[in-house]
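Lettering of chains follows the sequences in order, A, B, ..., and the numbering in each one begins at 1.
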Number of protein chains: 2
Amino acid sequence: MTTIQPRTLKTRARLIEAATDIVAESSFTELRVEEVVRRAGVAKGTFFAHFKDKDALLDRMIGQIIDQHLDQISGQDTPKTIDEILDTLTPLMRFMGSERTVFDVILRYSGAASVEEIGPIAATFERFIHVLADWFVDGPFRQDADPATLAEGVQAFVFQALALNFCALNNHRPVRDRLRPYLELWLNPAKTLDPQG
Amino acid sequence: MTTIQPRTLKTRARLIEAATDIVAESSFTELRVEEVVRRAGVAKGTFFAHFKDKDALLDRMIGQIIDQHLDQISGQDTPKTIDEILDTLTPLMRFMGSERTVFDVILRYSGAASVEEIGPIAATFERFIHVLADWFVDGPFRQDADPATLAEGVQAFVFQALALNFCALNNHRPVRDRLRPYLELWLNPAKTLDPQG
DNA sequence: CGAGAAAAATGACCGTGGTCAATTATGGAG
DNA sequence: CTCCATAATTGACCACGGTCATTTTTCTCG
């Protein structure tokens, strides 16, 4: 039988605290496993006894932050316009795009790796889809589509807008402005043949 | 003045050939710089004199393959239905989703890093957008939107469908089937209020 | 051809994530 | 309290991408 000793939790907490401190002082990009274990006062091997790899730690830390953003988002009034949606999503998007490292980890783990071990980030994105889908049920947005599918589409566009933001070619434009045209076409009841080039 | 010696091209060709052989024998995932230089008969430092980093080599190799797919795609008849679009895109999508490594590199480099040095993959995705946009000018698809924006949306959905495909949770469904519902909502003139749950 | 400048190649070295056989600490049974 | 199975920890070691001062090759010019 696999009993977990109290010290396990203590060590893990120390590792997470050390990592959190490092990120607060510098960034996710600068995070080094060796620095984490140095601060936590444990050997390197101990880290990997607690986390499958470095990404598992990042998954957990980033997942927690996204979850806090979702708390914020779902605590607000249901947005009724594209602009309100953009307002609501902006803080989360700002975090997702704050570092290339963060965005990369989110991209890789936003889908669940397997049924049994769905990671923190994957879990938050399931939640994200639910929160969005709720907005689209009986909302002022198009009603000819499954709300969950609409929500997945919004997620795709959020990723697209953020990805473009990391290109020097494009990053003069705020993410928000890049996302809007997609959402207008995706969420609005279709306009009838606008005469436009 | 910076003259390029003939042997430069020769060495670079040997490096690329070695890398291509390795990928043919195993995969992009298994590619090791040390093995490339061993087969090419040069020192490790030489590799990095020719390529900024390992990703630059992958960018080039993968970009070339995508370009071949685009040749194929643009040589075909313009697709007139969602299903024809899916048929046309399937080979390219199969390659993009063939290895996690490949998909990751494509994601990271599908946007241009800077104006001066737009990489091979970024270039092919500009081309991809143009090819798609051409389908949407005067096509049977929705006409109330800028064709280039529609094309960018399709790209976002292709990435989304592929990303989901790497989740054990979802990979029982062919990418094609995952992409279809998005494209139907994105490209078709909006239906008027279908009664559907 | 010979000399010297520039281009190319070299390989020892480093940073950092990750492994694993060996060691130590823990807690329950007798 | 002692013993011991096993949980937890350790740190030397490896893999692999990437660097850079030094050496070798090539090209040009007189």
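Neither side chain, A:N188 nor A:R142, offers a donor N or O lying under 3.5 Å from an acceptor on the other.
Distance CG/B:L183 to CG/B:L86: 5.5 Å, rounded to 0.5 Å. Here CE of A:M61 is found 12.5 Å from CD1 of A:I66. Values are rounded to the nearest 0.5 Å. Atom CZ of B:F103 sits about 9.0 Å away from atom OG of B:S110, to the nearest 0.5 Å.
When the nucleotides C:dT10, C:dA8, D:dT9 are ranked by their closest atom to the side chain of B:I4, C:dA8 comes out on top.
When the side-chain nitrogen and oxygen atoms of B:T8 are compared with OP1 and OP2 of C:dA7, none of them lie within a distance under 4.0 Å. OP1 or OP2 of D:dA8 has not a single side-chain nitrogen or oxygen of A:H50 nearer than 4.0 Å.
For the pair B:E30 CD and D:dG17 P, the computed distance is 12 Å after rounding to whole Å. One interatomic measurement links the two molecules: CZ of A:F51 to P of D:dT9, which rounds to 12 Å at whole-angstrom precision. Rounded to an integer number of Å, the gap from CZ of A:R12 to P of D:dA8 is 9 Å.
At least one cation-pi condition fails for B:R60 and B:F51: the charged atom is not both under 6.0 angstrom from the six-membered ring centre and inside a 45 degree cone around its axis.
The aromatic ring centroids of B:F136 and B:W186 lie 6.0 Å or more from each other. Taking the centre of each ring, B:F125 and B:F159 come in below the 6.0 Å mark.
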Base versus backbone protein contacts along nucleotides 25-30 of chain D [heavy-atom cut-off under 4.0 Å; B, S, -]: BSS---
Show which side-chain atoms of residues 16-29 of chain B pair as donor or acceptor with protein atoms under 3.5 Å away, not counting sequence neighbours.
{"residue": "B:T20", "atom": "OG1", "partner": "B:I16", "partner atom": "O", "Å": "2.7"}
{"residue": "B:E25", "atom": "OE1", "partner": "B:R39", "partner atom": "NH1", "Å": "3.4"}
{"residue": "B:E25", "atom": "OE1", "partner": "B:R39", "partner atom": "NH2", "Å": "2.9"}
{"residue": "B:E25", "atom": "OE2", "partner": "B:R39", "partner atom": "NH1", "Å": "3.0"}
{"residue": "B:S26", "atom": "OG", "partner": "B:I22", "partner atom": "O", "Å": "2.9"}
{"residue": "B:S27", "atom": "OG", "partner": "B:T29", "partner atom": "N", "Å": "3.4"}
{"residue": "B:S27", "atom": "OG", "partner": "B:E30", "partner atom": "N", "Å": "3.2"}
{"residue": "B:T29", "atom": "OG1", "partner": "B:E99", "partner atom": "OE1", "Å": "2.5"}
{"residue": "B:T29", "atom": "OG1", "partner": "B:T101", "partner atom": "OG1", "Å": "3.0"}

N/O contacts under 3.5 Å, protein versus nucleotides 17-22 of chain C?
{"residue": "C:dG17", "atom": "OP1", "partner": "A:K54", "partner atom": "NZ", "Å": "2.9"}
{"residue": "C:dG17", "atom": "OP2", "partner": "A:V33", "partner atom": "N", "Å": "3.1"}
{"residue": "C:dG17", "atom": "N7", "partner": "A:K44", "partner atom": "NZ", "Å": "2.9"}
{"residue": "C:dG18", "atom": "OP2", "partner": "A:K54", "partner atom": "N", "Å": "2.7"}
{"residue": "C:dG18", "atom": "O6", "partner": "A:K44", "partner atom": "NZ", "Å": "3.2"}

